[in-house]
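Shown next, in structure tokens, is the structure this report addresses.
Whatever order the structure lists ligands and atoms in, that order sets their numbers, starting from 1.
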Amino acid sequence: MGLTIGQKLIKSHLVSGDMTVGSEVGLKIDQTLTQDATGTMAYLELEAMGIDQVKTELSVAYIDHNTLQTGFENADDHRFIQSVAKKRGIRFSRPGNGICHQVHLERFGKPGKTLIGSDSHTPTGGGIGMLAIGAGGLDVAVAMGGGTYYITMPKMVRVNLTGKLSPWVAAKDVILEVLRIMTVKGGVGKIIEYGGEGVKTLSVPERATITNMGAELGATTSVFPSDEVTKEFLRAQNRVEDWIELKADDDAVYDEVIDIDLSSLAPMAAMPHMPDRVKSVTEIGQIKVDQVCIGSCTNSSLLDMMKVAAILKGKTVHPSVSLSIAPGSKQVLNMISKNGALADMIDAGARILESACGPCIGMGQSPNSKGISLRTFNRNFEGRSGTADAGIYLVSPEVAAASAITGVLTDPRTLGEFPEITLPHEFDINDNMVELPASPEEAAGVEIMYGPNIKPFPSISPMEEDINAKAVLKVGDDITTDHIMPAGAKILPYRSNIPYLSQYCFAVCDKEFSQRIKKEGKGIIIGGANYGQGSSREHAALVPLYLGVKAVITKSFARIHCANLINAGILPLTFANADDYDRISQGDELSLKGIKSSLLNGEKAVLTNLAKNEEYELEYDFSQRQKDILLAGGLLNFTKQSF
Ligand code: MIC
Ligand code: SF4
């Protein structure tokens, strides 16, 4: 039987396990990336593990999230990361060099390699034929130390692309269509693989837009073949030697096939507050727009910027709209500044931001109250923009630029002829903002710079025989990590300070939560389906751990968050009968009696609701390794034990 691309990449990196769907496989990791919002914690963990020099082929530490410096905290964290990178053999992408996924695609991604990153949009690398997976910082730290990375062997989905995109329709519309079909839960436990004749009509940055937002499907990752188009992209980046061909076997078998005719797609938008609430722009109608933001790791490539500049050229941004643009990397910004496209944007009235995540993570540009903001980003979760009652629509750069001029949500096809953009055969290459690590001899003399904002990693004690605690919080379906541990300009500087962060835990859903659990000293969280979707931030596990959360019991979990809970020593369990969720009320006294023995002996777990005098059967599907991690009190303790 032939293999899919995903299966080939897994097979060539398989360290342990067999490739049966649902079982745990261990992978050798070639490359890692971190960004600063998760990186500080990841490097604290790397230091705690006592790893002297990283053992990967390439590890890069990017500074792109926490670039707003309203106090000393972020700058201190940057210094800390820079010093660890220098000492431990990691390349350091300085602030200003760009968004991790955009820069990694341009300068470091290699077809056929594995990459894990402490950011959920790491699958962007699938656009260049990598097996690129988002993970918690602790998993990334272990991989940097040469450790194996474990995933559950995913199912394979083939998205068959035929035809060619019509003018004014973009790669963003392809992934919005996939989200419409599959929903934010549809990709869990799957690799989404793109194939068919339509693939060769898409450039690498367009493919990367599609794989990037595979994160919103909950997928393990997404991947494109590596073909002539990939080779041309690598040639333009002056690294054609990194190219290898990668394609699925003709007789590869997929668990699911989705057909999309590219020529049938229209401009679309994901409506507030979920990336799968997708409708066509014409269906939504000409709603008034207050803000337009263009950029993020989804849509900030040279191609995107050139399209936007061509639409804005000679026009003026509508008086009731604030338009901001953040080109994805220094390379992109530099090239549009040299070819005049930047001048067209500035002339039209765009507010140019530095090459960083910026508004995507709530680092500035929060919309006005009840504001409608169109963004070329990937997430429109409630409150993420920094304005609680704003409504965020996710759109393509074409829709964003067209609407910025008209002041209403606009189908760009009404603008007339599509400006043909031809990309240069050679990109501007200057890696001077990527600092190389010290040589192993010099490394000993490099001092690690800890700022006063950096507080130690919370300690975790080994698992106890019984867990008795209240249902300290009950939440519904699709709870995101932005609900559990919000980001934004005010809180992000404290990503290395868990005690400080703890006051904001679940603040989006329940302002009293933090105080309540602090009073109780411990608790169990009850959640609905797809709990923990969104970001890879392990803070969404570490902060609950710090607050005393012992177990999270839900209808189902999102992949990265579930792994982060296990790594933090918090038990993730699911209801055997989903209706039992309805039987528990917030505040009920609960008991997981003998849970440790149940886990050790592979027996069923039972939850007793003392308040209602009822018992519910719970499920778990932990590998032996995951059980050992839970019993040891988290991955850090477990790794220390196994060194
Ligand atoms: C995000 O888009 O939510 C982030 C910020 O990039 C996160 C990482 C983080 O929380 O630091 C992600 O997607 O993993
Ligand atoms: Fe940065 Fe936004 Fe991409 Fe996350 S989704 S990496 S915050 S640009």
Nearest heavy-atom neighbours spanning G137 and E45
C-OE1, 3.4 Å

Please check whether R384 reaches ligand 1 - meaning an N/O of the residue sits under 3.5 Å from an N/O of the ligand, judged on distance alone.
yes

Distance to 0.1 Å, residue and atom name: give those for the protein heavy atom nearest to atom 13 (O) of ligand 1.
S120 OG, 2.5 Å

With distance as the sole criterion, is a donor-acceptor pair present between the side chains of T38 and E538 under 3.5 Å?
no

Over 60° means perpendicular and under 30° means parallel, so classify the ring planes of Y194 and F224, tilted if in between.
parallel

Taking atom 8 (C) of ligand 1 as the reference point, the nearest protein heavy atom with its distance
Q35 NE2, 3.1 Å

Give the atoms of ligand 1, by number and element, whose distance to some non-hydrogen atom of R379 is under 4.0 Å.
1 (C), 2 (O), 3 (O), 12 (C), 13 (O)

Just by distance, with hydrogens left out, do T32 and S59 show a side-chain donor and acceptor under 3.5 Å apart?
yes

Please determine which of T34, I51, I29 meets the side chain to side chain contact (heavy atoms under 4.5 Å, CB included) test together with M144.
T34

Against heavy atoms of S536, which atoms of ligand 1 measure under 4.0 Å?
12 (C), 14 (O)

For A37, the ligand 1 atoms with a heavy-atom partner under 4.0 Å come out as 11 (O)

Starting from atom 6 (O) of ligand 1, what is the nearest protein heavy atom, named by residue and atom, and what distance separates them?
D119 OD2, 2.6 Å

Output all residues satisfying side chain to side chain donor-acceptor pair (under 3.5 Å) with H104, sequence neighbours left out; order by chain, then residue number.
Q31, Y62

I need the full list of salt bridge (charged side-chain N to carboxylate O under 4.0 Å, His left out) pairs touching residues 383-392, with sequence neighbours left out, sorted by first then second residue.
R384-D482

For atom 11 (O) of ligand 1, what's the nearest protein heavy-atom neighbour? Residue, atom name and distance, please.
R495 NH1, 2.8 Å

Under the criterion salt bridge (Lys or Arg N to Asp or Glu O under 4.0 Å), I'd like the reasoning laid out for K185 against D478: C-alpha separation, chi angles, the key distance, then a yes or no.
CA-CA 8 Å; K185 305 181 193 62; D478 292 327; 3.2 Å; yes

For residues 494-506, which residue pairs qualify under salt bridge (charged side-chain N to carboxylate O under 4.0 Å, His left out), counting only residues two or more places apart or in two chains?
none

Of the protein's non-hydrogen atoms, which lies at the shortest distance from atom 10 (O) of ligand 1, and what is that distance?
R537 NE, 2.5 Å

So which bit of H539 gets within less than 4.0 Å of ligand 1, heavy atoms only: side chain, backbone, both or neither?
neither

With heavy atoms only and a cut-off of under 4.0 Å, state how I361 meets ligand 1: side chain, backbone, both or neither.
side chain

protein heavy-atom neighbour closest to atom 7 (C) of ligand 1 works out as S535 OG, 3.2 Å

Looking only at distance, does S118 have an N or O less than 3.5 Å from an N or O of ligand 1?
no

Backbone N/O of N430 and side chain of K330: donor-acceptor pair under 3.5 Å
yes

Under 2.8 Å from atom 2 (Fe) of ligand 2, how many protein N/O/S atoms can be counted?
1

Do R94 and Q82 pair up side chain to side chain, a donor and an acceptor below 3.5 Å, judged on atom types alone?
no

Check: H483/Q533 side-chain N/O donor and acceptor closer than 3.5 Å
no

Numbered atoms of ligand 1 (with element) below 4.0 Å of H65, judged on heavy atoms:
4 (C), 5 (C), 6 (O)

Suppose we call two aromatic rings close when their centres sit under 6.0 Å apart. Are Y450 and F80 close by that rule?
yes

